[in-house]
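Notes follow the structure.
Computed from heavy atoms alone, side chains included, the values below leave out hydrogens, waters and symmetry copies.
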Amino acid sequence: MKRKSLTHAARLLCVLALALSMTTAAFAADPPEPAQPSPCYPTAVTRSEDGGEIRKMYDLGRSDDPAGIPRSDFEQEGYHYTLTDLLKQELPANESRQHTETVSVPSQSKDMGAVLALLPQTKEFITEDGLAGTLALKLDTVNVEVAGYGSSTKTLTASRTYPGLADQDTQYIPKSITDNGHSLTLQTVNWQTEGDGHFTAVASYSGSATSSYVKGYTVTADYAGTVSRINLNKIRYVAIFEGTALEPVTPEEPGDTPTPDMNDPADPTAPVDPTAPVDPADPAGQDTPTGEKNSVLPVVAVVVVVLLGGGVFYFIKRRR
């Protein structure tokens, strides 16, 4: 009989120890935090005229998670909005817009006939973001400007004859002259003898002239039209929110401030009523935080196991 009692007590202690270890492990393990989806932002928002409905459009890629679309209630312009439906729409959708492209081409002439021969009436264009279309030339935007200037220098020469000179003296010969607006300087003098003993001087002059010329022209013009593309990799989600008008808040008068109740639990300075019932789980009249309750449970379990173990030991000792 004693051996059976000892065996039964040992089994009871093993069960209590196992239960204690499972309880402690349950409190020690923290649940993993769920991964938060990336937030989604609307591409367009529409609101009905009466304010009763708001629709938010989200254009997402096929790999984007729609769980990031906000679904919480919100208040806006006197209405409280609640999500009532979330629609899913397949896009292909035709995306199009007006586009203007400026082109620039070189030209050797500023004649408009030669210029227009360089500009076709229509051109195919593809924008940087992949929209394509045929654009037409806008004739009123055609502009011709000088692309640059060059310069050239040439030598100028002229001769002058001075007859009836008394002797061959260059002091009678001008050292520079002006010819067609250019300044020339004396280079050489040839003397000729006249029949009456006088002399004729034939003077040669030279100089240089620099002139500029147009190297070419630059022609610019605008092409305008519609460019478009088909979106095959987008899904549109439409979040529909129904609105309810909020009650207007009436401002309180200065004398309408309510007097706090002496037994109001929200007032920490209010006196405690001795006749009020006391919660046996909270004799101090304050709620125990959940974290503190969870930390007390393992201690209580240990105390229970110790008491049970002491009782079993006392029972076995008395049976002996």
Side-chain angles (χ1 to χ4, degrees), residues 40-49 55-64 87-160 176-185 187 204-238:
C40 301
Y41 301 97
T43 55
V45 178
T46 62
R47 185 173 183 264
S48 61
E49 293 183 359
R55 292 187 173 220
K56 297 184 178 183
M57 276 70 77
Y58 299 84
D59 294 341
L60 306 182
R62 298 191 177 274
S63 59
D64 296 333
L87 306 180
K88 178 181 178 181
Q89 301 174 353
E90 292 286 341
L91 294 177
N94 185 17
E95 179 184 356
S96 62
R97 69 170 182 264
Q98 291 295 314
H99 181 72
T100 300
E101 190 83 16
T102 301
V103 300
S104 177
V105 294
S107 175
Q108 295 298 321
S109 173
K110 63 178 180 179
D111 178 70
M112 189 56 64
V115 168
L116 292 179
L118 301 174
L119 300 171
Q121 293 299 308
T122 59
K123 294 194 69 161
E124 297 289 334
F125 284 95
I126 299 178
T127 64
E128 293 182 355
D129 52 352
L131 279 75
T134 302
L135 308 183
L137 173 66
K138 300 181 68 176
L139 291 175
D140 58 341
T141 64
V142 177
N143 185 40
V144 181
E145 294 182 352
V146 175
Y149 294 92
S151 62
S152 62
T153 302
K154 63 180 180 178
T155 302
L156 303 176
T157 60
S159 63
R160 296 289 187 270
S176 63
I177 62 172
T178 299
D179 184 70
N180 294 328
H182 300 285
S183 178
L184 305 180
T185 58
Q187 299 298 321
S204 298
Y205 296 86
S206 68
S208 63
T210 301
S211 61
S212 62
Y213 62 92
V214 176
K215 287 185 174 181
Y217 300 90
T218 299
V219 180
T220 58
D222 291 345
Y223 285 80
T226 302
V227 291
S228 61
R229 69 177 174 185
I230 301 297
N231 292 320
L232 297 176
N233 57 348
K234 293 290 185 180
I235 300 176
R236 172 168 293 176
Y237 293 87
V238 182

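Between Asn94 and Ser228, the shortest heavy-atom contact is OD1-CB, 3.6 Å. Closest of all the heavy-atom pairs between Leu184 and Ala158 is CD1-CB, 3.5 Å. Across all non-hydrogen atoms, the minimal contact from Ser107 to Val115 is OG-CG2, 4.3 Å. Nearest heavy-atom pair across Thr226 and Leu135 is N-CD2, 4.0 Å. Taking all atoms of both residues into account, the shortest heavy-atom contact from Asp111 to Ser109 is N-OG, 3.0 Å. When all heavy atoms of Ala221 and Val142 are compared, the pair lying nearest together is CB-CG2, 4.0 Å.
With sequence neighbours excluded, no residue forms a side chain to side chain donor-acceptor pair (under 3.5 Å) with Ser63.
No donor-acceptor distance shorter than 3.5 angstrom exists from the side chain of Thr178 to the backbone of His182, with no hydrogens or angles considered.
The closest side-chain heavy-atom distance from Tyr237 to Pro42 is not below 4.5 Å. Residues Phe125 and Leu131 form no side-chain contact, since every pair of their non-hydrogen atoms from C-beta on lies 4.5 Å or further apart. Two residues are said to be in side-chain contact when any heavy atoms from C-beta on lie closer than 4.5 Å; Arg160 and Asp179 meet this criterion. Residues Met57 and Thr46 are in side-chain contact: their nearest non-hydrogen atoms beyond the backbone lie under 4.5 Å apart. In this structure, Tyr223 and Val103 have side chains that are in contact, with non-hydrogen atoms separated by less than 4.5 Å. Within the 4.5 Å cutoff, the side chain of Thr218 has no heavy atoms near those of the Val144 side chain.
Between Thr153 and Thr210, the side chains place a donor N or O and an acceptor N or O closer than 3.5 Å (distance only, hydrogens not considered). If you check the side chains of Thr134 and Glu124, you find a donor sitting under 3.5 Å from an acceptor.
Pairs passing the salt bridge (charged side-chain N to carboxylate O under 4.0 Å, His left out) check and including a residue from residues 93-107, sequence neighbours excluded, read Glu95-Arg229, Arg97-Asp129.
Note that the CG atom of Leu60 and the CD1 atom of Ile235 stand 8.0 Å from one another [nearest 0.5 Å]. For the atom pair OH of Tyr205 and CG of Leu156, the computed distance is 15.0 Å after rounding to the nearest 0.5 Å. For the atom pair NZ (Lys123) and CG (Leu137), the distance works out to 10.0 Å, reported to the nearest 0.5 Å. Annotation: the span from Thr102 atom OG1 to Asn143 atom CG amounts to 11.0 Å, rounded to 0.5 Å. Taken to the nearest 0.5 Å, the NE2 atom of His99 stands 11.0 Å off from the CD1 atom of Ile126. With values rounded to the nearest 0.5 angstrom, Tyr58 atom OH is found 7.5 Å from Cys40 atom SG.
Heavy-atom contacts from other residues, nucleotides or ligands closer than 6.0 Å to CG of Leu118 number more than 12.
Tested against Gln187, the residues Ser159, Ser206, Ser204 include a single side chain to side chain donor-acceptor pair (under 3.5 Å) partner, Ser206. For the salt bridge (charged side-chain N to carboxylate O under 4.0 Å, His left out) criterion with Glu90, the lone passing option out of Lys234, Arg62, Arg236 is Arg62.
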